[in-house]
Amino acid sequence: MAVPARADTGDLSAYLRGRAAEAAGRPAVALDAYATALAASPANPVIAAPAYRAALNHGDIALARRAAGVLQAAGVAPADVALLAIADAAHAGDPRMARLAVQRLQAGPLMALTPAIEGWIALTEGRASPAPAGPVSDDAVARRFTAEARVQLLIASGQVDAGLAGLDALGGARAPLDLRIAVARLLAGQGRGEQAAALLPGDAPMLAALRKAPGVRPSMAFGISRIFTRVAADLATGETGTMAIALGRIALVADPANDRARLILADALSRSGATDDALSVLAAIDRSGPYAGAVAAARVAVLALAGRSDPVLAETALVEARALADRADAGPDDWQRYADLLTAAARPAEAATWYARVTKAPDTADDWAAWLQYGGALDEAGQWLRAEPALVRAVALAPAEPLALNYLGYARIVRGEDMAASARMLERARALKPDDPSIIDSLGWAYHLTGDSARALPLLERAAAAAPTNAEIAEHLGDAYWTLGRRYDARYAWRAAAVVADATTDARLAGKIAGGLATAKERSR
């Protein structure tokens, strides 16, 4: 563990408390400890580094600014420190301060954002043509953000036709959602409500609310906040959650009214394990604004993710999801959400009743995935006679969808139904998705059950190598080994399966390890 340079007893103790609190998942305690340590050693970059990140995570922007100044003075500031300075300048409407901050992006990993940011600075300065002239970089990310900024800046400066032509080149009504939202708000601000609404098609409540949302006057605060929101949305679901959180917080520094940034920030915080912070961010969303209707669903998502390790939060997520599903104006998204949580809670029979609603809704009646989930829930609930027609419907709707082919083919073959046709269905699934370990396992198991274990073995070995924590695949491999007389290899595979198996299969695996495949019934499991 790094120790603060020149630390006295007070700041060292606080620093260490902060590190320990972070490791224990207590972000509020860590933040207080880092603030105390930085106050005691106000020029120490070793303290400032975790203090800066904890402050952004928890929303203490004053502490983040203080820590950023220390890091900058020491020459060790992370790239997003410059974005915080740009956001402060944007909020203040100060283009000179913004330009000074942008200079720090020129050689860093965020330089791809420079043309877009400079365009909004130019608009604030009153330039006639603030939009970037066009792609000036070989970097694909830089070209994309420059093109998106050009669309918004053309519209913001009154060149609407040119801006909409640029949007069409980026996909029009299928362009990235955050770009379309920003453009729609700018168009509505110019009295072009119909054109704005056309960019946000669909029945989702959030989109419907956005179509009615008031427009905005273009400003550096609006534009730069939306740039950071756009990047945060790209990063939130990946492995760069720390940067997504930073960008979400900094977007709100530029424009505190940006509730879209709050939704994205809450998701990124939730994925990082900061459940309380995520819920706090959602609670700050304007209840009279266009994103108000998305808050309840976002809360359920946060609670459900935390509920994977906390049964109380898992139950809370179910209760709140049920309330959304029971509303008079509930729709397929609400029913799907609740059914998914019931499935995760191992309550497939209840889930099936809600998936059934999804399959009957006009907009989702022909959705193969809805029928697959409905059939799968019935199957898990032990209702195969009802499940099979739903799965057949899924395959009929998507005959080239490997997941549907795999589920139906495997479900039939393990029941000994239509073995040859089911094996052919699995062969089609594998041809469509040749590297999927579950599909490879299904086909290998089909060959094993039809008496060709030698043909099955290389497939099962490949599947087990690709998915070493899948107990079912490892058990299948062990069964094939045993059938081919490789007793040692069979027990090794079964022991590997037992390490990751759930309680429902422990006894069966223990019996195989002890006595092998003692009966023909076991071999045809």
Side-chain angles (χ1 to χ4, degrees), residues 348 372 375-376 379-385 387-388 391-392 395 402-525:
L372 179 62
D379 183 24
E380 287 294 315
Q383 301 179 47
W384 172 243
L385 292 180
E388 187 175 24
L391 297 171
V392 169
V395 171
L403 294 180
L405 292 166
N406 181 59
Y407 197 115
L408 179 58
Y410 182 81
R412 280 175 167 171
I413 211 159
V414 296
R415 290 174 171 82
E417 298 179 6
D418 208 356
M419 303 290 277
S422 297
R424 288 194 297 272
M425 189 176 291
L426 293 172
E427 287 168 347
R428 289 207 313 277
R430 192 195 174 200
L432 290 163
K433 201 171 184 181
D435 297 322
D436 187 302
S438 294
I439 294 174
I440 296 170
D441 168 68
S442 295
L443 181 57
W445 193 238
Y447 291 152
H448 172 75
L449 292 180
T450 53
D452 197 347
S453 298
R455 188 181 184 188
L457 187 59
L459 292 171
L460 295 173
E461 288 176 328
R462 180 178 173 186
T469 60
N470 187 307
E472 184 176 27
I473 293 175
E475 184 177 4
H476 287 172
L477 178 60
D479 288 11
Y481 277 140
W482 186 274
T483 300
L484 293 169
R486 295 171 60 173
R487 305 305 199 235
Y488 176 84
D489 291 332
R491 287 192 167 94
Y492 183 89
W494 290 330
R495 288 190 180 99
V499 171
V500 292
D502 57 37
T504 62
T505 57
D506 283 346
R508 184 176 69 241
L509 287 167
K512 289 183 178 183
I513 292 167
L517 291 180
T519 67
K521 182 178 181 180
E522 283 182 314
R523 286 195 295 273
S524 62
R525 185 186 60 79

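Please read all numbers here as calculations on a predicted model, not as lab measurements.
- With rounding to the nearest 0.5 angstrom, the CG atom of Asp479 is 9.0 Å from the CG atom of Leu460.
- Among all heavy-atom pairs drawn from Ile413 and Ala423, the shortest one is CD1-N, 4.0 Å.
- Met425 is listed as a side-chain neighbour of Arg428, based on a closest heavy-atom distance under 4.5 Å.
- When all heavy atoms of Ile473 and Ala467 are compared, the closest pair comes out as CD1-CB, 4.1 Å.
- In this structure the side chain of Pro402 reaches within 4.5 angstrom of the side chain of Ile439, judged on heavy atoms.
- Using modelled atom types, one finds no donor on one side chain facing an acceptor on the other under 3.5 Å when comparing Thr450 with Asp452.
- Under 4.0 Å is where a charged nitrogen must lie from a carboxylate oxygen, and between Asp418 and Arg424 no such pair does.
- Within the 4.5 Å cutoff, the side chain of Leu459 has no heavy atoms near those of the Asp441 side chain.
- In this structure, the side chain of Arg491 engages the main chain of Ile513 through a donor-acceptor pair within 3.5 Å.
- Side-chain atoms of Arg487 come within 3.5 Å of backbone atoms of Trp482 as a donor-acceptor pair (strictly under, hydrogens ignored).
- Between Tyr447 atom OH and Arg455 atom CZ the span is 3.5 Å, to the nearest 0.5 Å.
- Looking at Arg412 and Trp384, their side chains come closer than 4.5 Å, going by heavy atoms from C-beta outward.
- The minimum heavy-atom distance between Ala501 and Ala471, with the atom names listed, is CA-CB, 3.7 Å.
- Nearest approach of Ala387 to Gly375, heavy atoms of both residues: CB-O, 3.3 Å.
- From Leu484, atom CG reaches atom NE2 of His448 across 8.5 Å, with rounding to the nearest 0.5 Å.
- Residues Arg486 and Leu457 meet the side-chain proximity criterion, which asks for heavy atoms closer than 4.5 Å.
- Ala474 and Ala497 make their closest contact through CB-CB, 3.6 Å (heavy atoms, listed as atom of the first residue, atom of the second, distance).
- Glu461 places a side-chain heavy atom less than 4.5 Å from the side chain of Tyr481.
- Although no hydrogens or angles enter the test, the distance criterion places no donor-acceptor pair under 3.5 Å between the side chain of Thr469 and the main chain of Val500.
- The heavy-atom pair separating Tyr410 from Ser442 by the smallest distance is CD1-OG, 3.5 Å.
- Between Asp435 atom CG and Ile440 atom CD1 the span is 6.0 Å, to the nearest 0.5 Å.
- From Asn470, atom CG reaches atom CG of Leu477 across 11.5 Å, with rounding to the nearest 0.5 Å.
- At a threshold of 4.5 Å between non-hydrogen side-chain atoms, the residues Leu405 and Val395 count as touching.
- Between His476 and Trp445, the two ring planes are parallel [angle under 30°; tilted spans 30° to 60°].
- How far CD of Glu417 is from CD of Glu388: 5.0 Å, rounded to the nearest 0.5 Å.
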